[in-house]
Amino acid sequence: MWIHRVIAILLLSIPVTVLADHEIPAMESQREAKPRPPKTTLAVGVTLDGDGRLWLAKVENQRLLVSRSDDGGKSFSSPVVVTPEAEDISADGENRPKIAVARDGTVLLTWTQTLPQKYSGNIRFARSTDSGRSFSTPATLNDDGRITSHRFDVLAIDGAGRVAVAWLDARDRDATKEQGGKSSGLSMYTVQSSDNGASFGANRKFQQRTCECCRIALTWTPTGPVVFWRNIFGVNTRDFAIANLDQGAVRRATDDEWQIDACPHNGGSIAADGQGRLHLTWFTNGNKRQGLFYKRIDGDWESQPMAIGNPATQANHAAVVAAGDTIILTWREFDGRAYSVQMMHSKDGGSSWGEPQRLMDATGAADYPVPLINGKQVLVVWNTAAEGLRIVSFERIPAK
């Protein structure tokens, strides 16, 4: 049995317009910069710390703000400014701020700073060592010095000091074009810290020919950080790949055969459970299958893809979280009149699933739902233009 309660909290006071997808990048970093209209800021970053407190990172008036709730989202502390200087910050569904809290209380943040040049950006980082009361001066993690695309950052920590950040990067494609060559896709770069973000190593290219604007997913496992991304296989087959950032060995994770000479702007999600099994969700419009899917990986074994959601109501942009044997899937649907948040859960590590539940509805613009889980609770966080931040809280019922 799952008991839940809905908490509606109005957090955003600035005007919001309908979410718009990014265009297909063409890398025009050398053109003259032109003013661009402000983007929507519906997409928020959220996490639960070891004590069950809910942390929120949101963008408002070109500032990144962090606040904390000690009561599951009923109320939040006064926001603390992370970016003292105004900067354009990506806050749409595919490219939201990221926040994580280590076991010693260090609060870590990454985000994408958008630059005036088309499709260009920087990967930014800041941290707090005083429980979120103040933050370090924001730093740029990409170290190439180019004004080009560094976007779609993702952050994962082991909780004990190790930090991994990965992003999509155009530096290699730019260099190839400057030499008269041709290159499809971007590269994935990564950087790591072993001291909770006090210092970082040099940028490292991990993979070339990645899809240009599908978000990356990253989770920490007993063997290190594992990344999940839409790769370009062959000429233009855009299926997903998976790899351990410490070990390499790229592995094809989906075989949908989605052949498209464009970026679907539709990334996946990954989580590791208490047994080290990996849980994946993704969207495809491939030759073999179409729609939203889930699968689990246990070593060399993989389950068959399981369709989730209703294709007739545009089921898309799923997320997955795991704790022990409890796995939570959430996604967004649109029936032509309203957006809705859908959820499914498993209490046996993904072997069997309950029926989908419709948790919330919104008639205006809405972010994608973000699920969170810890030892005692499950939260589903959803930011909407009309109602603001909304949270559904579940008490976890242990599996018998």
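None of these values were measured; they are calculated from a predicted model. In this chain, numbering begins with 1 at the start of the sequence shown. No hydrogens, no waters, no symmetry mates; every other heavy atom, side chains included, goes into these values.
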Would you say the side-chain atoms of Arg209 pair up with the backbone N or O of Leu186, donor to acceptor, closer than 3.5 Å? no
May I ask you to decide whether Asp325 forms a salt bridge with Arg277, counting only side-chain N to carboxylate O separations under 4.0 Å? yes
Check: Arg53 main-chain N/O paired with Asp70 side-chain donor or acceptor under 3.5 Å: no
Quick check: is Trp282 connected to Trp331 through a chain of hydrophobic side chains (ILVMFWY, heavy atoms under 4.5 Å apart)? no
Side-chain touch Asn203/Arg171, heavy atoms, less than 4.5 angstrom: yes
Short side-chain to backbone donor-acceptor contact, Thr284 and Gly286, under 3.5 Å: yes
Joint hydrophobic cluster, Leu108 plus Val82, side-chain heavy atoms closer than 4.5 Å: no
For the backbone of Gly224 and the side chain of Thr221, can you confirm whether one donor and one acceptor N or O come within less than 3.5 Å of each other? yes
Between Asp172 and Gln208, does any side-chain donor sit less than 3.5 Å from a side-chain acceptor? no
Hey, is CZ on Arg337 packed in by over 12 heavy atoms from elsewhere, all under 6.0 Å? no
Do Val341 and Leu329 belong to the same hydrophobic cluster, where Ile, Leu, Val, Met, Phe, Trp and Tyr are linked whenever their side-chain heavy atoms lie under 4.5 Å apart, directly or via other members? no
Residue pair Arg162 / Ser194, side-chain donor-acceptor N/O under 3.5 Å: no
Of all pairs that satisfy salt bridge (charged side-chain N to carboxylate O under 4.0 Å, His left out), the ones with a partner from residues 303-323, not counting sequence neighbours: none
Is there a donor-acceptor pair under 3.5 Å between the side chain of Trp382 and the backbone N or O of Asp367? yes
For Glu333, what residues pass the salt bridge (Lys or Arg N to Asp or Glu O under 4.0 Å) criterion, not counting sequence neighbours? none
What are the two closest heavy atoms between Gly93 and Ala43, and how far apart are they? N-CB, 3.9 Å
Are Phe206 and Tyr189 close enough that their ring centres sit under 6.0 Å apart? no
Glu94 bridged to Arg151 by N-O distance under 4.0 Å: no
Assess, by modelled atom type and distance only, whether the side chains of Arg173 and Thr148 contain a donor and an acceptor separated by less than 3.5 Å. no
Going only through I, L, V, M, F, W and Y residues with side-chain contacts under 4.5 Å, is there a path from Trp167 to Ile157? yes
Sequence-distant partners of Phe125, ring-ring contact (aromatic ring centres under 6.0 Å, His included), two or more places apart: Phe200
For a salt bridge (charged side-chain N to carboxylate O under 4.0 Å, His left out) with Asp256, tell me which candidate from Arg289, Lys295, Lys288 qualifies. Arg289
May I ask you to decide if Ser199's main-chain N or O and Ser193's side chain share a donor-acceptor pair within less than 3.5 Å? yes
Establish, from distance only, whether the side-chain atoms of Gln62 and Asp88 form a donor-acceptor pair under 3.5 Å. yes
Is it true that Arg124 and Glu87 make a salt bridge, defined as a side-chain N closer than 4.0 Å to a carboxylate O? yes
Which residues pass the side-chain contact (heavy atoms from CB on, under 4.5 Å) test with Gln247, not counting sequence neighbours? Thr223, Asn244
Do Val250 and Gln207 have side chains that get closer than 4.5 Å, going by heavy atoms? yes
Does a donor on one side chain sit under 3.5 Å from an acceptor on the other, for Asn266 and Asn316? yes
With sequence neighbours excluded, give me every salt bridge (charged side-chain N to carboxylate O under 4.0 Å, His left out) pair touching residues 216-232. none
Steps toward side chain to side chain contact (heavy atoms under 4.5 Å, CB included) verdict (Trp55, Val101): CA-CA 9 Å; Trp55 291 80; Val101 182; 3.8 Å; yes
Regarding Asp361 and Ser340, is there a side-chain donor-to-acceptor distance under 3.5 Å anywhere? no
Matching residue for Leu372 among Val381, Val380, Val321 - test: side chain to side chain contact (heavy atoms under 4.5 Å, CB included): Val381
Donor-acceptor pair, distance only, cut-off 3.5 Å: does the side chain of His150 make one with the backbone of Gly121? yes
Looking only at side-chain N and O atoms, does Asp153 offer a donor or acceptor that is under 3.5 Å from a partner on Thr110? yes
Answer yes or no: is there a donor N or O on one side and an acceptor on the other, between the side chain of Arg238 and the main chain of Ile260, under 3.5 Å? yes
Taking only residues two or more places apart in sequence, or in another chain, which ones meet Thr237 in a side-chain contact (heavy atoms from CB on, under 4.5 Å)? Phe233, Asp239, Arg252, Glu257, Gln259
Say whether Asn310 and Gln342, considering side chains only, have a donor N or O and an acceptor N or O under 3.5 Å apart. no
Taking Lys98 for the side chain and Arg96 for the main chain, is one N or O donor matched with an acceptor at less than 3.5 Å? yes
Considering the options Thr190, Val154, Leu155, which one meets the side chain to side chain contact (heavy atoms under 4.5 Å, CB included) requirement together with Leu218? Val154
Given 3.5 Å as the limit, does a donor-acceptor pair link the side chain of Arg332 with the main chain of Ala366, or not? yes
State plainly whether one hydrophobic cluster holds both Val320 and Met343, where clusters connect Ile, Leu, Val, Met, Phe, Trp and Tyr through side-chain heavy atoms under 4.5 angstrom apart. no
Any side-chain heavy-atom pair of Leu56 and Leu389 under 4.5 Å: yes
Between Asp104 and Asn196, does the side chain to side chain contact (heavy atoms under 4.5 Å, CB included) criterion hold? Intermediate values first, please. CA-CA 9 Å; Asp104 67 358; Asn196 263 343; 3.2 Å; yes
